[in-house]
Amino acid sequence: MEDKVHGAFVGEKINKVRWKPKDLIESDIFLTGSWDNETNQLVLWLYPPNEDDADIYPCTIGTHPHDGDVTELKFINSNTFVVSSSVGSVKLLKIDNKEPHLAEFKEMVSWDNIHYFSFGGSSPCTGLACFEEDIVSVGEDGRLLLLTARQKKPVRRIEGADSCSLRCVCFLKHNEVLTGNLRGQMKVWDLKSSTDKPASTFMLSGEQIGASCVMHHPTQRHMVLAGGEDGSLTVWDLRHNTFPVTLLSAHSDTVSELQFHPDRPEHLFTCSTSGEVWHWNTSSMSRHARLGTTDFPRDENPWLNSDVAKHRLEVFTLMPQLHKPVNSLDVNMNRIVCGCDNEAVYVFKNVVL
Amino acid sequence: MTDRRSSNLTYRHTDILNVSIFIAIATLRVRIVIKFTIRVQHLIDRGIYDLCLWRLGSKSYVKLKMDKARTFVIPDKVCRRAGLSAVWFPSNKLAAHAYRHVTAHSQDKYSEFAPCEAMVHLVRFDVMLFDPIARKLINESNGTFLAGQKLVAQAGGTDIRGELLKLSRQYRSIVRACLENLQSEASKIESSRKEVCLELVVIFYNVEFLWHLCEILYVDVIPGDVVLPQIMEWIKFHFFHYERQAKGILSGEYGSSVLDNGAENEPEYWNTIIGLVLQGRLDGARALLKLHSASPSEPFKSVDYVMRTMPQYSVFGGLSLTEFNMRWKGWQNETACKLRAGTFASRKELELIMKLMVGDEEAFLEVKDQCGTWYQFMASWLLYTEPTVKSFDLSYHAHQCIAKFGGISRLKHSDLILLALMESDLHQVIRLIEQTSENGWFAAHLTNLLHHCGCLKILDSQQGNQSVSLATNLHEQLLLNYGTLLMSHRSLWQVGISYLDHCSAEGRAHIEVLLPTLPLGSEARALKIIQVARDRDLHNIVASTSKIMGMRSYQQRRLGNALTWALRSQDAGFATYLANKFLELYSREGKFHSLDLLDNLGSCMLVSDRLTFLGKYCEFHQLYHAGEFRDAAALLVSLLASRLAPKSFWMTLLTDALPLLESNDIVLTSEDTYELLNSMEELLGEGQIPDFGDTPGSNKLTTVQDQSVDTNSVVEEKVKLIRLALARNLARSLNHEGCLVD
Amino acid sequence: MFEAHSINTEHKDLIHDVAYDFYGLRMATCSSDQFVKVWDQDEHENWNLTATWKAHSGSVWKVTWAHPEFGQVLATCSFDRTAAVWEEIVGESPVPGERGMKHWVRRTNLVDSRTSVTDVKFAPKSLGLLLATCSADGVMRIYEAPDVMNLCQWTLQHEVSCKLPCSCLSWNHSFSRLHHPTLAVGSDDSNTGNGGKVFIYEYSENSRRWSKTETLASVTEAVHDIAFAPNLGRSFHLLAIATNNLRIASLKPLVDSTVQSGHTRFDINMVAQFEDHTSTVWRVCWNITGTILASSGDDGFVRLWKSNYLNNWKSVAVLKGDGTQAQTDSSTPAVPGPSGGVATTSQSSTTRTSEETSSKWQAPVIKGRFQKMTWLGSDPPPPPIEKNKPFKK
């Protein structure tokens with residue numbers, strides 16, 4: 001396992017890490033956002049996929065200072081990304097990769113102070129979700145904002161979307177968004193409707209377990225996976241959302257990020273604040289389905305079958321448990337990068353899919 | 001422990017602290033142009049002495065400071081006249097201000113200094129280790145430290161020396177990586193930052209240098225304790241000046257004409273060869289000698305032969321120590337014979353080299369300066385006199401060599417550490433290392449490693465009977481200091497905690513005190529701090545931090561979020577207070593705030609009665625709006641009957657009952673109606689109807705006279721209506737129930 | 001090396017007390033000008049004044065913060081014979097992202113004392129919201145807010161007469177369930193014939209009252225300040241006493257099951273006594289881990305004291321207030337580090353570089369009302385000598 005992992009110490013705690021998307025080929029550049037420093041920064045790293053040389057480590061090709069902690073990073077196309085901050089602002093930046101080893105950041109749009117407390121200064125923006133050029137931002141102030149990359153003025157502002165802090169958000173459809181809050185209350189919002197009320201709500205669990213991350217299945221968007229503060233993973237079918245389809249008590253502490261592989265959705269990757277990075281492989285179940293050895297419909301999502309899921313899931317740990325939280329991970333083809341609180345980034349090459 | 005004596009001056013240890021003694025040393029008679037300091041270790045570590053030497057005119061002064069307290073001056077005009085006072089604040093910072101004490105018995109008036117500029121000076125220690133480049137070292141070495149702890153915990157009784165050696169090498173490579181980064185940074189920038197980088201380079205270079213020797217002598221288990229080969233490696237690794245020069249000469253850097261005429265014309269030629277010989281780099285020496293124009297001739301060939309045939313000790317050589325010694329002595333004798341026979345007489349330089357290789361003392365004294373430092377001299381000397389020297393003999397040789405280099409008084413700090421390492425005086429080593437400038441990183445990690453190797457046990461035996469193991473005490477103290485230092489950094493607190501975790505005696509207490517003082521910042525950070533507390537079963541800190549987050553939300557007037565945190569902290573009092581606030585708001589505005597929260601409280605509402613009432617009351621409204629009137633009514637009655645509702649809210653509940661009472665269907669049974677009547681009478685019987693007033697925390701009581709007309713006619717009206725509705729419903733329900741029975 | 005950051009508080013007179021909140025991010029100062037000022041530190045480590053108000057009709061002696069669990073609460077005591085409890089109210093933010101106006105309201109005025117109230121301290125939070133005050137007429141009073149969310153209601157729970165005028169008090173914040181809550185009171189009565197000037201009071205659950213359990217008879221001079229050290233794993237408590245000199249007493253609870261009264265008896269020893277200040281010591285303050293003590297004396301110095309792992313105390317640093325602007329020192333320049341590549345000889349020692357570098361004074365950089373200065377302190381420079389050549393091996 002060790003030769004497949006490359007770790008580099010970067011001198012700052014990494015809160016978010018994302019591969020810079022490249023069409024059709026494996027990306028060799030990733031972006032990190034730090035947190036908990038006096039001045040945080042966004043750093044662009046180059047890590048060419050060189051199989052022979054074991055001594056190649058990621059190297060910095062560009063940095064950009066950031067006000068407050070980096071709370072979320074999302075690429076909307078191959079060289080533009082949005083970044084949200086703990087001082088309540090969201091910025092759209094563009095990467096200018098003029099030379100292979102030198103990149104510059106250019107701020108295109110900045111939405112400042114979109115999250116704030118009426119009695120108390122700025123509020124952190126805790127989550128971003130992107131769908132093409134639309135961006136949804138949620139914050140501790142319980143606000144939900146719809147922004148678009150083209151204009152400075154927010155398209156829609158839902159005040160008081162939640163009476164508690166919102167902690168995560170994801171797009172379900174172009175006009176449908178799912179948010180999760182500190183108490184584990186999930187709300188589905190229809191952005192087309194004019195009322196500021198959610199279309200439906202459900203609780204992650206009977207206890208007050210906060211929602212830490214939420215992600216929809218790449219192909220079947222009614223299926224949603226949510227990670228909880230206690231390390232549990234719940235699978236929901238939004239068509240009948242009173243009870244979760246599956247509840248897995250997975251990690252020993254908060255699931256900090258979960259990502260489906262964009263091209264191979266039977267693979268799921270999760271990381272947690274207990275230092276674990278796991279690879280969930282449901283392809284064997286799909287295989288069995290094709291062979292007709294089990295009795296659930298072939299095109300049914302293996303996650304949605306509660307019985308089988310418990311027995312046929314293969315979970316691999318990608319690296320030995322780290323002594324500090326792993327905050328973020330991102331998948332690109334065969335490579336995974338994760339950023340941790342021990343001020344290091346780890347790249348996993350040749351992940352077996 | 002040895003008493004330090006220099007050849008030039010003597011001094012006595014005394015127990016007088018804080019006395020500066022100026023000794024005009026007429027006896028000194030040494031004209032010293034440079035200023036230097038030496039540190040002297042007291043027998044029982046009562047104090048550290050500073051010996052500073054200055055030249056003043058023709059006399060030299062020695063200032064013997066018995067204490068180590070350094071004075072720091074705070075520029076404040078008022079302070080000078082009034083006095084100074086200081087207060088600590090987290091983490092380990094001081095706030096100093098001008099102060100003049102006044103007692104209660106003096107007059108209350110402006111001081112003699114008014115009006116004045118009252119300044120507060122915030123003072124903090126500058127921590128070199130937090131430099132952005134050195135910071136990578138902190139986390140990387142933290143990983144190694146934790147790996148070491150895990151290794152020891154899982155090892156049981158097995159021998160883990162090999163693994164510990166790997167860890168030691170890992171630490172050293174971390175330091176070297178840091179050095180590389182620092183140097184590349186220094187080469188790229190100009191400014192004052194460059195100076196800082198270079199200072200750090202010096203510090204860490206020495207750290208790695210000393211660590212390496214410590215590894216050789218204490219961590220690595222060398223078969224037969226033949227340490228010299230490793231020591232030679234150590235020297236060769238750090239002092240490569242001669243090798244570089246040799247490379248230069250060999251590669252013809254100095255011009256091809258030199259090669260044509262013979263490399264001996266290169267000015268540094270012979271010095272380089274001698275240097276290589278002193279370091280035992282005989283292959284290099286031979287290669288250089290071949291470049292000499294006269295190299296095919298006789299003395300050269302003999303020298304080449306001697307060099308080629310010198311026995312080199314190797315653990316895997318297959319030779320036992322005695323065999324090797326025999327061979328080596330044989331070789332040396334042969335060479336000595338050749339010397340005596342005058343084989344090399346024709347070439348002075350070659351003769352010198354041969355004399356060195358037979359361990360001729362005079363020859364060594366001649367090349368002393370080329371050796372640079374006493375330990376290089378010692379290594380070279382031992383290479384050619386006692387190649388199988390054991391580690392415990394190093395002390396003797398060290399002292400001899402130090403004497404040749406001017407004595408102990410000329411030793412610098414790192415030299416003292418080297419000496420202490422060779423003398424196996426680990427206590428001294430750690431004491432000295434503690435004073436280095438990298439803020440305790442070196443001391444903490446090295447002591448930890450030595451502790452794992454079991455080397456510190458000798459400290460206990462030296463100290464005699466102690467109830468607490470001195471070694472463990474010292475080891476823990478260093479880790480505690482380092483961990484506490486890291487806790488004072490806004491970002492590195494997680495690393496600090498991981499060190500404190502491994503201090504069995506006081507670590508937990510430190511975490512309990514320091515963890516709560518971490519500023520909470522965003523919720524994400526607060527949740528991480530809470531997680532750390534929860535992982536260590538510090539449930540009181542979890543509850544306290546959640547309460548503080550709740551209070552913060554409350555101050556920001558975010559009741560919903562405040563309640564969420566109150567529930568996390570399981571604080572019944574706070575939950576009750578917030579529930580009351582919600583009810584107050586409802587009374588005032590007629591609608592609920594944070595309904596999404598209140599509708600979904602779940603089982604957490606049980607933490608407080610008032611909150612349970614609030615939750616159930618919301619449920620009542622939910623049921624009502626959903627049209628489930630029967631269930632709504634049942635709930636309403638149970639709220640009143642169980643006395644869960646506060647008296648102040650009964651009126652509201654009864655008012656809520658009105659539409660239910662007056663609905664077309666009989667929703668409330670007679671039992672229910674009796675219950676409601678009871679409650680109404682109880683309320684009125686007390687003669688007053690408490691009202692959920694606007695002012696927080698007060699209960700305005702409005703008295704109602706059943707028959708009065710002027711006061712609170714609205715309330716009176718309501719009471720009338722409710723009574724009427726109750727009576728009507730009672731009649732209806734009794735009727736209906738009567739029919740049912742029939 | 002020290003780094004310093006100076007704040008001009010704009011009090012019109014000398015500051016009597018500075019208190020930091022639990023996190024060290026908020027600072028309250030009080031002065032003879034009867035005002036209290038509150039400062040907040042922002043993300044860029046700048047201190048901003050967020051509130052200033054006239055708190056009393058006499059000099060304000062002491063100010064102290066309550067534990068953040070109780071909200072943002074301050075208590076002050078003053079020459080005007082009262083002690084007051086204040087709570088912060090935050091106004092609405094005028095602009096999104098900016099904090100609203102903060103102002104402090106008086107929640108209660110404790111007027112029971114007939115003389116100047118000399119000290120006020122909040123109790124450890126595990127006891128609830130408790131406040132102790134002591135006054136010049138020798139009475140120590142303990143108030144409690146039964147409902148911690150209602151700061152307007154305080155009841156006087158205990159009134160204890162110490163018989164001698166009190167000047168200072170200190171709660172023992174580190175007590176476990178095994179020991180009773182303890183409080184130390186010091187008296188600044190200058191008559192040595194009146195006996196010991198430090199009293200230890202203890203609360204007994206059984207009798208529900210505070211009673212004197214020990215008197216430190218060896219301290220007979222006027223005591224101006226006392227402070228219990230935070231106890232992180234020691235089996236005994238340390239009490240620093242500011243009197244005519246600096247003393248540190250250790251109080252070791254005696255585990256004696258035959259003691260029926262329910263009091264803890266202490267084995268009291270003076271572990272250290274320092275005459276360094278050569279004059280009266282006015283203030284003592286422990287750092288958060290209870291490892292370093294700062295003492296301020298009449299000689300105008302602040303001394304920092306630390307004990308090593310063998311429990312021997314010694315002074316590790318001295319702070320001095322000086323009005324003069326120091327001129328650059330012509331002593332030895334810094335030992336040159338290796339140039340470029342790795343050092344071929346380990347030239348400089350590994351001591352703190354400030355020992356060997358000269359004391360550099362930099363002109364203060366004034367940013368508005370804040371001044372940021374960096375200096376490398378050193379001892380008073382040696383007698384002027386001819387320029388030294390750099391140390392070369």
Side-chain angles (χ1 to χ4, degrees), chain A residues 7-13 15 34-38 40 68-69 71 86-87 117-121 123-124 126 140-142 160-165 167 181-185 187 197-198 201-203 205-208 210 212 229 252-254 273-274 322-325 327 340-344, chain B residues 131-140 142-143 145-147 149-150 174 177-178 181 489-495 498 501 521-525 527-528 530-532 534-535 549 552-553 555-565 567-568 593-604:
Chain A
F9 282 88
V10 300
E12 52 191 11
K13 297 203 287 205
N15 204 27
S34 71
W35 78 289
D36 219 17
N37 265 344
E38 258 177 63
N40 292 292
D69 298 337
T71 51
S86 62
V87 300
F117 299 120
S118 321
F119 292 87
S123 139
T126 48
E140 269 185 38
D141 56 352
D162 202 307
S163 55
C164 305
S165 312
R167 298 224 59 86
N181 76 0
L182 186 61
R183 294 186 62 239
Q185 189 172 35
K187 296 181 181 175
K197 290 250 176 293
T201 75
F202 55 95
M203 294 294 286
S205 80
E207 314 295 312
Q208 280 200 116
S212 50
E229 241 185 280
S252 38
D253 220 315
T254 314
T273 56
S274 48
L322 198 62
H323 46 87
K324 298 282 183 296
N327 294 323
C340 324
D341 267 352
N342 68 341
E343 302 190 352
Chain B
D131 181 272
I133 297 182
R135 196 168 139 174
K136 292 188 202 174
L137 185 105
I138 295 178
N139 265 286
E140 215 172 335
N142 181 232
F145 167 78
L146 289 171
Q149 296 294 116
K150 201 163 140 183
I174 291 172
C178 179
N181 288 332
H489 189 274
R490 101 180 244 161
S491 189
L492 294 168
W493 54 275
Q494 287 164 310
V495 185
S498 69
D501 277 338
S522 63
E523 263 181 12
R525 185 177 145 109
L527 286 168
K528 283 223 163 107
I530 290 174
Q531 178 200 335
V532 166
R534 202 173 40 230
D535 287 344
M549 290 299 286
R552 197 169 80 170
S553 294
Q555 201 186 29
Q556 290 166 343
R557 322 224 184 162
R558 301 163 63 212
L559 282 181
N561 211 41
L563 186 57
T564 309
W565 282 106
L567 293 172
R568 275 168 179 254
H593 282 240
S594 315
L595 205 52
D596 56 342
L597 165 66
L598 296 176
D599 278 344
N600 287 291
L601 278 176
S603 55
C604 349

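Numbered from 1 within each chain, the chains take letters A, B, ... in sequence-line order.
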Which distance, rounded to the nearest 0.5 Å, do you find between the CG of B:Leu601 and the CZ of A:Arg183?
-> 5.5 Å
4.5 Å side-chain heavy-atom contact, A:Ser163 and B:His593 = no
Below 4.5 Å from any heavy atom of chain B, which atoms of A:Pro325 appear? Answer side chain, backbone, both or neither.
-> side chain
Which answer fits A:Asn40, side chain, backbone, both or neither, if we ask what part of it has an atom under 4.5 Å from a heavy atom of chain B?
-> neither
Give the C-alpha distance, both sets of side-chain angles, the deciding distance and a yes or no for side-chain contact (heavy atoms from CB on, under 4.5 Å) between B:Met549 and A:Leu182.
-> CA-CA 13 Å; B:Met549 290 299 286; A:Leu182 186 61; over 6 Å; no
For A:Asn181, is it the side chain, the backbone, both, or neither that has a heavy atom closer than 4.5 Å to a heavy atom of chain B?
-> neither
Counterpart residues, side-chain contact (heavy atoms from CB on, under 4.5 Å), relative to B:Ser498 (two or more places apart) | A:Lys324, B:Asn142, B:Leu146, B:Val495
Below 4.5 Å, heavy atoms only, C-beta onward: do B:Thr564 and A:Gln185 meet side chain to side chain?
-> no
With chain B, the option among A:Gly68, A:Pro124, A:Cys164, A:Ser212 that has the most non-hydrogen atom pairs under 4.5 Å is A:Cys164
Output the distance between atom CD (A:Glu207) and atom SG (B:Cys604), rounded to the nearest 0.5 Å.
-> 7.0 Å
Checking heavy atoms, do the side chain of A:Asp253, its backbone, both or neither come under 4.5 Å from chain B?
-> side chain
Is it the case that B:Gln531 and A:Thr273 place a side-chain donor and acceptor less than 3.5 Å from each other?
-> yes
Side chain, backbone, both or neither: which part of B:Lys528 has an atom under 4.5 Å from a heavy atom of chain A?
-> side chain
Using a cut-off of under 4.5 Å for heavy-atom pairs, which of A:Asp69, A:Asp36, A:Thr254, A:Asp162 has the most such pairs with chain B?
-> A:Asp36
Chain A contact via B:Ala524 - which portion, at a heavy-atom distance below 4.5 Å | both
Measure the spacing between OG1 of A:Thr201 and CG of B:Asn600 and express it to the nearest 0.5 Å.
-> 5.5 Å
Which of B:Lys136, B:Lys150, B:Arg568, B:Glu523 touches chain A most, by non-hydrogen pairs under 4.5 Å = B:Glu523
Chi angles and distances behind the side-chain contact (heavy atoms from CB on, under 4.5 Å) call for A:Ser165, B:Arg558 = CA-CA 10 Å; A:Ser165 312; B:Arg558 301 163 63 212; 3.4 Å; yes
Relative to chain B, which segment of A:Glu140 carries a heavy atom at a distance below 4.5 Å: side chain, backbone, both, or neither?
-> both
Which residues satisfy the ring pair (Phe, Tyr, Trp, His ring centres under 6.0 Å) test with A:Phe117, sequence neighbours excluded?
-> none
At what distance, to the nearest 0.5 angstrom, does CD of A:Glu343 lie from CD of B:Glu140?
-> 11.0 Å
Taking atom OG of A:Ser252 and atom CG of B:Asp535, what is their separation to the nearest 0.5 Å?
-> 8.0 Å
Take B:Arg557 and A:Ser118, measure what side-chain contact (heavy atoms from CB on, under 4.5 Å) needs, and give me the verdict at the end.
-> CA-CA 8 Å; B:Arg557 322 224 184 162; A:Ser118 321; over 6 Å; no
Among B:Leu559, B:Ile133, B:Leu563, B:Leu527, single out the residue with the greatest number of heavy-atom pairs under 4.5 Å to chain A.
-> B:Leu527
Select one option (side chain, backbone, both, neither) describing which atoms of A:Ala161 are under 4.5 Å from chain B's heavy atoms.
-> backbone
Kindly say whether B:Asn139 contributes a backbone atom to a donor-acceptor pair with the side chain of A:Asn342 at under 3.5 angstrom?
-> no
